[in-house]
Structures are given as structure tokens and as C-alpha cells.
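All values below come from the heavy atoms of this structure, side chains included, with hydrogens, waters and symmetry mates left out. On a predicted model such as this, the values are computed, not experimentally measured, just so you know. Naming convention: chains lettered A, B, ... in sequence-line order (proteins, then strands); numbering from 1 in each chain.
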Amino acid sequence: MALRTVTILIALFVSTVPAMAQIQLEASSFQVQNEIARLYQQKKYRLVVRKYLVNRKAVLHDYRTALLVNIAYEKLREYPEALTLNFDYIRTNFQTENVRLKKEFQNNQAPDPANYPLQFQSVFFRIYGDYSQEILGATWQGGVSGRNLSAFEQYKKALDALGYQAEAVQNIHDRVDNHLKLLKKKKYRWRPRVFLDYISWQTSASLNGPYETTALLATNVGLCPGAGISYESGFWALSFDLSYLQGSGGVSATQGLVQYQQTDVSATGFKAALGAGMIVSESRSELGLRLTVLDVSQSLARPDSTGYSVEQPNSLSEVISIYSRWTFDHFYLQSDFGRYFKRPATLWSLGLGYSFF
Amino acid sequence: MKKTPLRQIAIFSVMALLGACQVTNSNSTDEFQYGPIQLDSSDPNFAAAYRVLQNKCISCHTHSNWAVYTSSALWADESRVVIRGDAENSPLIQQIRANLMPQDGSISSSETQTLVNWIDNMP
Amino acid sequence: MKFSVALLIAFLALVHSRPAEAYPHFIGHGYPSCLNCHYNPLGNGPLTDYGRSVGADLVSSGMFYPQNWSDEKVASLSGFLFRTPVQDHIRTQINYRGLYLIQNPGTSIEKKQWINMQADGQLILKFLEDDKLTFVGDFGYSPPEQPIPGEDPNKKFRSREYYVGYRFSPAIGVYAGFMDKAYGIRVAEHIDFNRVIPQVTQDDQTHGVMVHFVNEEWEGAVQGFVGNLQQASDLRQKGFSAIVERSVNEIHRVGFSVMKTSGEYLSLLSGALHGRFSLKDGSAVLVELGQTRKSTQNGTGDRNSRYGLLQTYLRPIRGLYFLANIEYLKGDVTNDSTTIRWGPGVQFFPVQKLELRLDVDDSRNFNPNASTVDNWMVLLQTHVWL
């Protein structure tokens, strides 16, 4: 009897869950829409989009709120996200119209604008505008996506067919045309900088004894303050850096029975590097190859025992490396990972820099 | 409520699947690494060698099973870094000779010789 | 006017997907939270429909698709076995990761091997509005590289995840079952020091309960756990962990984690600060600095270890990432010895559901009393998911 009662109560509860969920959804959707409107008025565009990301359904069911979020993305210059929102909005609210428009194009029929609500056409116009901003935001020819360009042209054709805001559509198209022509011209500029790197490298030497030769290895760390200059366009960068190196390291024998050990052996020198890289993001982060020449002096002590001497290679050495630079406004972090030409050793560095202009 | 065969099969399948699972993780050798260690005493060279291995190798190679190998036989048969009776061709000694291991270079020549003696004279 | 080419327009306005994907560095794509793309709110594990289509559209390069394929067309192929799901409650995923590892290349002790890192399937059951209620399970082939004496060497399968999750609202969810621990940046490189030292590697899942919260500025999780219940009771690490992140300057995230675990032989207390910084256009920088205090029953392993991670991703073109994975380890803070591991790499997603990766690891030890040669590894990875 008790079991039957509990079962009935549970069944009643479960049957009301969808209705309760719907009520809760509607109430919370209203709150979300109001909150987004409030944040938008306060120009807190990042908070607007974050609110949207955790309450997508509430936004997609309301044209005004979706429009605010779309504009917020545009203010943040995040056009791919703005586009995605618009696509989701059309899929959620105008799927029938969308399919109809597709079929009419397939059958070479001229669409009747009266069959397409103004909201639908308006969102198409926003999509067209967002694609144009994507293209206008490119600072080099390589930054213009072929897909975006193609989509931009297709949306123009659709808007022309629907007759929506013809003058505005043409103005946007003219702006994009002019921008593409501008990108075709290469524009270079000089950019000086200063930096401080933390560097590590290894050097080899030989301990020549009366009966054998023992390989010695020095593992060094140091600091490298320096300055450099780049000649760069929106896409490529050529650079030259010069720096002073101050470091030290431990030395020991790497094989055999001979014991040789030194601690904190000082090393000083100069480093010059010629680099070629590509700009990989809007923030001007960079990736490339660098040829470095080092002239580093480090004197290893000769053992007291007779018959022993330390032979060190030439202080001049060359390194080929991959460098990357991660830019935050004028400041940047940079890393270098390189291999010596004439010996099996690597050079690393990690640094902080400041670019002028 | 009567249990249906389908429900029983589902429960059994899940339990069987989980029972077939191996659970090796970062803690699988904790008992051997950090609990009371009982070394096999049949090899007189093993205790000294194990002290070297523990301080110079196992302390970093915590994700290997080396802490579990509490006898010379396990090292020779399971570890893949020791060849019974042939120290110079054992990967363990080759890595030390090549100055690759231990990474901080802290093993002395006498400690290396302890390991060489142990491997070359393994029963 | 002919509108034949306008067929593309309609497809563009149909189902489209949002960018975001598995790895924490995808904050560079503008999406700091893992929740939209993963069923597990802290990342890893199977992808949602949303996450799958993002992997197709934003992450993978478009260079091998036919020119007339729109992003929507590509996204429509992102489902299981390239199919669009026809129902809302059941999802499946298959994953394979293979690694060709070369240790000490070019030396007399060079070693090459192929490792099957992951070969598993996932089953997801989801119910209620917005998939509030989810059941996630994972099972796959994973033989131990070296069976432990005393354990059954024939056990070659593993489950890395099975749990039930319920989201009370978009802001709060509860998850109970067998999952990864909530700690630190969950990078894919499970041998990194920030994963190994606090013991949160790819095999260190635990049974427990986790509460996850997220809003416009904050995100975090608190987790209580009782260890891996399939493991012997004396080995289980019981405890709790917590991770919190806050948005900074609108596009970056900074945060901290704490974790305390203890078992019969070993106790760990870990804490870390971390940051995830967007360089936009898919590029990002991840930083973590942490310390773990290890206490052992026999005193042999007692130590404080300090670790650091600097991981950067630069994306020159869609689908291609250049990595720098720089790690720092002080195994014992009272010791002078420090290890730095430098790992440049390339990650390429030529088409959806396929990742190719090449990494080179160079480990160097710094000790004032000794100088040792670098330790090298070359890693070639293939990752396929269906």
C-alpha cells in the first residue's frame, strides 16, 4: 500500500517536471535577456558574450537580445563568433524560410522578398556585414580567407535578390574592394626593440693526458641583455639582434676514469643573430628561423698534475635556431631553440622584450 | 520488484568489464617504494646495489616498476635494463657510462662499480 | 539573374558550429571554458556535438576539402562515423592515439618503439533539457607497459572515466563517479612535470564527487575523492582538490589549484598557480607553477618538489600549430639540481578527426657539481577520433 502511494507520488512529480522546467526556463530566459540588456548598456561587452555562452537558448529565442550579443561580438572584433551566433539564430527561428530560399536558388527562381520576414533579411545583412569586417580586419593578403571572400560575395547576391538595403550593401562591397586593393601593396616598417634573455648552452673541451684524452662538458646558464631591429610587413619580418652574454657553468668529465670538475666557471661574450620569420596573429606574434653567431670566452682550469692540458674549441660558434615571439601589446616573450653547426649541442633562451612603435 | 534478466545481465556485464581492467597508476608501486622494504637475501651483492638503485634511479623513475623488483631475479627477468652476467651490455650501465643517467650526474664511480659487480656476479 | 551559386548561402545559414575544442590552449580561439565542447566540464574525455563540429570547422585545416564544401557541410560530417545524429540521447566516440618514440636518437643506446597510448570507446547517454543529465563511460585497450609482479598480466583493458553528471543550471553542476582529479592545467602531455609530480597523469583517475561552477567571470570545481576503488585499499589516494579561475582583461584566465591526498604509504600536498593567455587567432600561452610536498611512510621519498610549465601555441594558418613546451623541475628544493626540458613541436589537423604531431624533447640538468649530456626524445603522434 505504502509502495503504491509512493509510486503514484513519484509518477505525479515526474509528470510535472517538463511543465516546471518550461516555466523555470521562461522565467530564467526573461532574467537573462534583461541582464544582457543591462550589461550592454554599461558597455560590458565581454560580460554580455559570457552571459550568452552559458545561456544560449534564452538568447536565441529573442531577436533583440541576439542582436545585442551580435553587436557585442562586433565591438570585441570577434567576427567568427558573431557569424556563428547569426547562423544559430537563423537555424533556431527561420529554418523554414532558409530551406525555402535554398530551394529557390537551386531552381533558379527569383525569391519574393514578401515571403521572407524582415528579421530574417536583417540577420542576413548582419552576416554580410560580419564577413566584410573579417576581410577588412586582414592586415596582409595572407590574412584574407578565400572562404570568407566567397561567402561575402554569396551573401551580397542574396541581399541583392531580396532587395534589402541595396545602397548600404553596395557601400560595404566598395569598402571591401578598396581594402583588397590596398593589401596588394606591400608596406614595410622598422621596429626597434630591447630585450633580456635567460640563456643556456653547452660547450665541449678535451682534457689531454699522458695516456688518454677525456671529453669535458660545460653546462652554462646566463643572461643576455640586448637590442635589435626588425624590418617587417604585415606578414614577414627580418630582424637583427645584438646582445652581451654573461653567464657561468659547471664542468665535468663525461666519460672515462679521470675525475675533472669545476663549479661556476665564468663565461662572457657577445651574440649576434639574423632572423627571418612570419607574423602569425593579429597580436603580431612571430615564428621563424634565426642564424646566431656567438663569441664566448670561458677559461677552464688546467689540472695541477703534470702531463695534463685542457684544449678548448674556438670561442666563435654558429647556431641555427627556431625562434618564437608571443606578443602582448608592446611587450613580448620570446624563445629560441637552436643547434650548433659544428658540434652536437643545443642553445636555448627564454626572454622578455619591449618593442617600440 | 522482480529483477529482470536484462537488468541482471547489464549489472554483470559492467562488473565483468570493470573486473577485467588493469589499474596501474602513479601509486601502484607505493608499497614497495615507500613501505617497509624486504629484499631478497639470496644474492649477497643485491642489498648494496639496491641502495644505489634506490637513491640514484628509483627516486626519479617513480613511474617504472623498479621499486617492486626486490630481488636480483626480478631485475634480470623483468626490468629490461639488466642483463644477467653482462654489465657492460646492460642498458642500465650503458646509460651511466654515456653520462645520460642519472640526470643530475650524481653517481660516483664506486657506486657505478657496485652496480657492475652486482650484475656481473648475478646468480 | 542566375542564383545557382547561391546554394552555398542556404547551407551557410543552416546548422553551423561554434569554435572551441579539446585543449586548454584553445583559449586562443576565444573560448576559455571546456564546458561547451566537453561533457567533462574541466576538459578531456568525449566531445559534445558542439565540440565535434568545432573540431571540424575551426581547428582542422580546410586545405584537403573540396573547394565547394562550406563550413556547414564540413560540420555536418563531424558526428560519429561521419554521420549526423538522428536522436538526442545516445552518443558514441572512438579514440586512438599512437606514439612512435625514439629515445636518445643518434647514440649507441638509441631505442625506438611504438606505443599504443589510447584505444578506447566512449558511450554517452544524455537526457532532459539542454542535456542536464548525462552518463559518460569509457573503456578501452591499455596493456601496462611493464606488468607489476604480483598483478595479473592478462588484464589489458582499462576504463578511464565513468560518471553521472547533473547540471542544476548552466552555472552549477554535480558529477559523481570515476574521473580525473580537478587540479592544474589539464594539458594533453601527460608526462609533463605539472602532471607527473602531483600525480594527475592519464592513469590517475579517482572515484569521487565534483561540484563545478561557471559564470561570466569565474569558473572552478571542488572535488572529494576516495581513490581508485578498483585498486588495493592501501594504495588508494583519498582526499580533495579544488581549482578556481578568473577572467582577466577579458580574454585571459588566471587561477590556482590545491590538492591533498593520502594513502597508507604516501601523502601529497600540492598547490599551483596558473594562467592561460590568449594571443588571439588560435594562439595562446599557458603557464603553471606549482609545488608538491611528498611524505612517505618509510621516509625515503620525503621531499618538496617544485615544477613549472610554459607552453605556447602559435597558429600561422588554420589547422597548424607550432608549440614550445618548456618545463622546469626541482625534484628536491633543498638540492642544487634542476632539470629543464625544452620541447619544440608541430601539431597539424589536416582534416577533421585526425591529428598529427611531432615533438622533440631536450632535457638538460643543471648541477653546479656536475655536467651531463642532454637527454633527447623524438615523439611522433597520431590521434584519430570517430
Side-chain angles (χ1 to χ4, degrees), chain A residues 21 25 46-47 50-51 53-55 57 76 78 80-81 84 87-88 90-91 98-99 101-102 104-106 108 110 124 127 147 150-151 154-155 157-158 161 200 202 217-219 221 249-252 254 261 263-264 278 280-283 285 287 322 324 326-328 333 335 337 346 348 350, chain C residues 1-19 30 33 36 58 62 70-72 128-130 169-171 214-217 247 250-251 277 279-283 285 310 312 314-316 322 324 326 340 342 344 362 364-374:
Chain A
L25 177 68
R46 180 60 61 189
L47 295 184
R50 292 229 193 286
K51 195 80 184 174
L53 285 173
V54 294
N55 296 282
K57 272 206 171 176
L76 296 168
E78 291 177 3
E81 289 77 3
T84 304
F87 295 139
D88 284 346
I90 285 184
R91 181 172 53 87
N98 205 34
V99 171
L101 185 65
K102 172 183 147 186
E104 284 175 344
F105 285 144
Q106 271 178 324
N108 285 335
F124 257 54
I127 292 172
R147 282 174 188 276
S150 172
Q154 298 312 320
Y155 272 90
K157 284 181 181 159
S200 174
Q202 288 186 314
L217 183 70
T219 300
V221 292
V251 188
S252 54
T254 58
Q261 189 176 299
T263 304
D264 282 335
M278 59 186 285
V280 299
S281 74
E282 188 190 315
S283 63
S285 295
L287 183 68
I322 301 169
S324 55
W326 324 303
T327 308
F328 301 91
L333 290 171
S335 78
F337 182 84
T346 53
W348 309 336
L350 182 65
Chain C
M1 181 184 286
K2 288 187 179 178
F3 305 109
S4 54
V5 294
L7 185 67
L8 187 62
I9 300 171
F11 276 117
L12 284 170
L14 283 174
V15 174
H16 196 276
S17 10
R18 178 181 305 286
S33 177
N36 280 348
L58 186 75
S70 67
D71 285 346
E72 189 278 331
L128 304 181
E129 184 96 36
D130 285 337
S169 70
V214 60
N215 65 18
E216 295 81 27
E217 290 192 23
S247 293
E250 297 190 347
I251 58 171
F277 305 97
L279 300 173
K280 298 195 174 182
D281 301 322
S283 301
V285 175
L310 173 64
T312 70
L314 293 181
R315 189 190 83 151
F322 284 88
I326 302 165
I340 292 181
W342 209 280
D362 179 11
R364 180 171 297 169
N365 188 264
F366 298 87
N367 187 324
N369 302 314
S371 188
T372 53
V373 298
D374 289 357

May I have the step-by-step check of side-chain contact (heavy atoms from CB on, under 4.5 Å) for C/Glu217 and A/Leu47, ending in yes or no? CA-CA 8 Å; C/Glu217 290 192 23; A/Leu47 295 184; 3.7 Å; yes

Evaluate side-chain contact (heavy atoms from CB on, under 4.5 Å) for A/Leu333 paired with C/Phe277, printing each intermediate quantity in order. CA-CA 12 Å; A/Leu333 290 171; C/Phe277 305 97; over 6 Å; no

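Using a 4.5 Å heavy-atom cutoff, the side chains of C/Arg315 and A/Val280 are not in contact. Using a 4.5 Å cut-off on side-chain heavy atoms (C-beta onward), A/Phe337 and C/Ile326 make no contact. A/Leu217 has its side chain out of reach of C/Thr372: every pair of non-hydrogen atoms, C-beta onward, lies at least 4.5 Å apart. With contacts defined as side-chain heavy-atom distances shorter than 4.5 Å, the pair A/Ile322/C/Phe322 does not qualify. Between A/Ser200 and C/Arg364, the closest side-chain pair of non-hydrogen atoms falls below 4.5 Å.
Taken from OG in C/Ser247 to CZ in A/Arg46, the straight-line distance is 8.5 Å, to the nearest 0.5 Å. Considering OG1 of A/Thr263 and CG of C/Asn367, their distance stands at 8.5 Å, rounded to 0.5 Å. Interatomic distance, A/Trp326 CH2 to C/Leu279 CG, rounded to the nearest 0.5 Å: 9.0 Å. With values rounded to the nearest 0.5 angstrom, A/Thr346 atom OG1 is found 4.0 Å from C/Asp362 atom CG. Atom CG of residue C/Asp374 and atom CD of residue A/Gln202 lie 4.0 Å apart, to the nearest 0.5 angstrom.
Interface residue C/Ile340: backbone and side-chain heavy atoms are both found under 4.5 Å from chain A.
Side chains of C/Ser371 and A/Thr219: a donor on one and an acceptor on the other come within 3.5 Å.
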